[in-house]
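Some notes on the structure that comes next.
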Amino acid sequence: MSSPRPHFLVLTFPFQGHIAPALRLARRLLAEAPDALVTFSTTEDAHRRMFPAKPCDGDGAKVATDEHDGRLEFLPFSDGTETGILPNMAFNAYLASFHAEGARTVAEILDALAARGRPVTRVVYTLLLPWAADVARDRGVPSALYWIQPVAVFIIYFHYFHGHGTIVAEHRHDPSFVVEFPGLEPLTIGDLPNFLTDAVDPSNIFHNVFNTSRDLMETLDKEGPKATVLVNTCQELERHALAAVGAIDVLPVGPVLPSGNVSGIFKQDDAEYMEWLDAKPENSVVYVAFGSLATMAREQVDELLLGLEESGRPYLCVIRKDIKVALADAEAEMLHERLKNGMVVEWCDQVQVLSHVAVGCFLTHCGWNSVLESVACGVPMVCVPGMSDQRMNAQLVVRDWRVGVRAQVDKGGVLRAAEVRRCIDEVMDNSEAAAEVRQMAGKWKQIVEEATGKGGSSDRNLMAFVDDGARSA
Ligand code: UDP
Ligand code: UDP
């Protein structure tokens with residue numbers, strides 16, 4: 001009996017920072033396995049945004065693409081809402097509905113694909129949908145978690161729900177209390193994901209993220225020795241953490257770098273900013289962006305722009321439309337008039353920007369995708385971490401890889417202009433320390449390039465995963 005073609009169903013939460021690395025992984029799978037099929041699935045609303053102009057063909061909302069010889073298809077699942085997830089939406093309620101309707105409709109997708117003679121041989125799911133593994137198990141399909149944060153953060157979550165939770169919960173109001181996790185340098189409570197310190201509280205707006213994280217770790221327990229975790233990192237970036245993961249099959253397959261604005265959530269500015277960059281000297285520009293979710297109050301925008309202006313260096317700063325809208329209209333319009341050395345855009349192709357020779361530093365909120373993109377492009381960072389994994393990510397950047405500095409915010413959480421200037425100088429001026437950071441950034445860029453290149457550690461791991469998929473198919 002001939003075995004069916006390897007067919008990966010890649011499922012993702014509808015955030016830019018999740019869709020993008022998931023889609024890039026999907027493309028890598030297709031590149032590694034020339035006979036494989038991928039069905040990529042996120043929520044209906046996100047799906048519509050990704051394909052505003054594509055007519056849906058017969059099979060419900062399915063979108064077939066010409067890419068990879070038609071081996072990549074898009075088929076959405078439902079989150080039970082009309083609108084999809086909106087900013088300021090009650091996140092706990094959204095996650096509950098996402099779980100219930102998601103699990104039901106992903107099961108339908110698995111059945112429909114099997115009925116079409118293209119049974120799924122492996123489900124790959126990102127964070128926040130642990131139920132995907134249950135749905136897959138019910139149908140006898142093996143699954144793999146795609147962890148889109150560092151292994152270090154995986155270890156924190158894993159051990160939190162396997163014994164460390166009590167001590168963390170006990171000290172969660174003391175940001176300087178030190179906790180030790182296997183394979184990681186000592187961390188403080190303040191370095192841990194806020195979902196484990198604040199969201200443990202049932203009244204917290206992210207309490208269901210806490211519950212979902214717990215479910216995710218329980219899911220891995222249920223999978224037992226079969227549990228596979230792909231991680232968007234590479235062996236070289238997180239050697240100690242990887243050595244400490246123990247029995248679970250953790251495969252670093254990254255960095256898989258998202259390309260372009262795949263989620264369709266943001267309207268990209270015209271590429272004028274690329275011409276603007278072309279006119280700037282090598283390593284002279286400060287690039288500033290805080291990812292797809294972080295918000296900024298008026299005061300923060302003012303301090304940031306003031307600090308950038310005072311640094312005297314050219315800068316390219318992303319201020320998303322939703323942030324501008326939240327500022328008073330007149331003020332937002334005046335934004336551009338205040339800029340002497342810089343340019344503000346609402347959204348750019350970040351990988352393209354970071355790859356530009358003119359960019360000499362990235363002032364970042366330390367979302368994991370942004371960090372990986374900066375490392376892969378050899379750009380030193382000024383870290384301004386906020387929520388989730390960002391504080392741990394900043395530790396990796398500053399302490400482990402020494403490719404950046406950490407900015408301090410004031411008591412009210414505001415990053416002041418003087419601190420912006422100080423940090424930028426620290427990685428861009430002529431000092432020995434700055435030269436060292438730049439040198440380390442160059443070194444890591446090369447290491448990451450080798451890891452993801454042909455025969456590199458991540459490339460080999462991905463191949464092993466694909467072969468394993470073929471065997472179980
Ligand atoms: N690269 C990466 N992660 C990936 C794929 C590629 O960092 O998942 C890097 C890789 O090191 C290479 C460059 O991006 O130097 C171009 O990759 P590739 O040849 O695979 O081209 P693409 O995937 O963009 O078609
Ligand atoms: N990004 C982009 N253009 C922008 C700002 C961000 O393409 O103007 C991309 C960035 O390259 C990254 C993603 O948005 O891939 C943000 O993901 P990250 O994990 O850094 O942060 P999150 O948005 O999840 O907080």
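Ligands are counted one by one from 1 in listed order, and the atoms in each one are counted from 1 as well. Quick caveat, the model's predicted, so the values are computed rather than measured. Here, residue 1 is the first one in the sequence, and each next residue gets the next number.
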Legend entry - Residue Arg402 excluded, over 12 heavy atoms near CZ under 6.0 Å: no

Legend entry - For Trp147, the option from Phe158, Phe154, Trp368 that meets ring pair (Phe, Tyr, Trp, His ring centres under 6.0 Å): Phe154

Under 4.0 Å, heavy atoms only, figure out whether ligand 2 is touched by the backbone of [X], its side chain, both or neither.
X: Val318; result: side chain
X: Arg320; result: neither
X: Gln350; result: both

Inset, instruction - Give me the ring orientation class for Phe13 and Phe98: parallel if the planes are under 30° apart, tilted from 30 to 60°, perpendicular past 60°. - result: perpendicular

Legend entry - Mutual orientation of the aromatic rings belonging to Phe91 and Tyr94 [parallel < 30°, tilted 30-60°, perpendicular > 60°]: tilted

Just jot down the ligand 2 atoms closer than 4.0 angstrom to any heavy atom of [X], in number order.
X: Cys348; answer: 2 (C), 3 (N), 4 (C), 7 (O), 8 (O)
X: Ser292; answer: 22 (P), 23 (O)
X: His365; answer: 20 (O), 21 (O), 22 (P), 25 (O)
X: Trp368; answer: 19 (O)
X: Gly291; answer: 23 (O)
X: Gly17; answer: 17 (O), 24 (O)

Inset, instruction - Show the numbers, then the answer: is there a salt bridge (charged side-chain N to carboxylate O under 4.0 Å, His left out) between Glu346 and Lys324? - result: CA-CA 9 Å; Glu346 289 181 358; Lys324 278 196 191 165; 3.3 Å; yes

Inset, instruction - Verify whether one side chain among Asn461 and Ser458 offers a donor that lies under 3.5 Å from an acceptor in the other. - result: no

Legend entry - Any N or O of Glu346 closer than 3.5 Å to N or O of ligand 2: no

Inset, instruction - Report yes if some N/O of Ser370 lies less than 3.5 Å from some N/O of ligand 2; otherwise report no. - result: yes

Inset, instruction - Please report the C-alpha distance between Phe195 and Phe210 in whole Å, then the side-chain angles of each, then the deciding distance to 0.1 Å, and finally whether the ring pair (Phe, Tyr, Trp, His ring centres under 6.0 Å) criterion is met. - result: CA-CA 6 Å; Phe195 300 136; Phe210 176 84; 9.7 Å; no

Inset, instruction - Indicate yes or no: at least one non-hydrogen side-chain atom of Leu237 is less than 4.5 angstrom from one of Ile447. - result: no

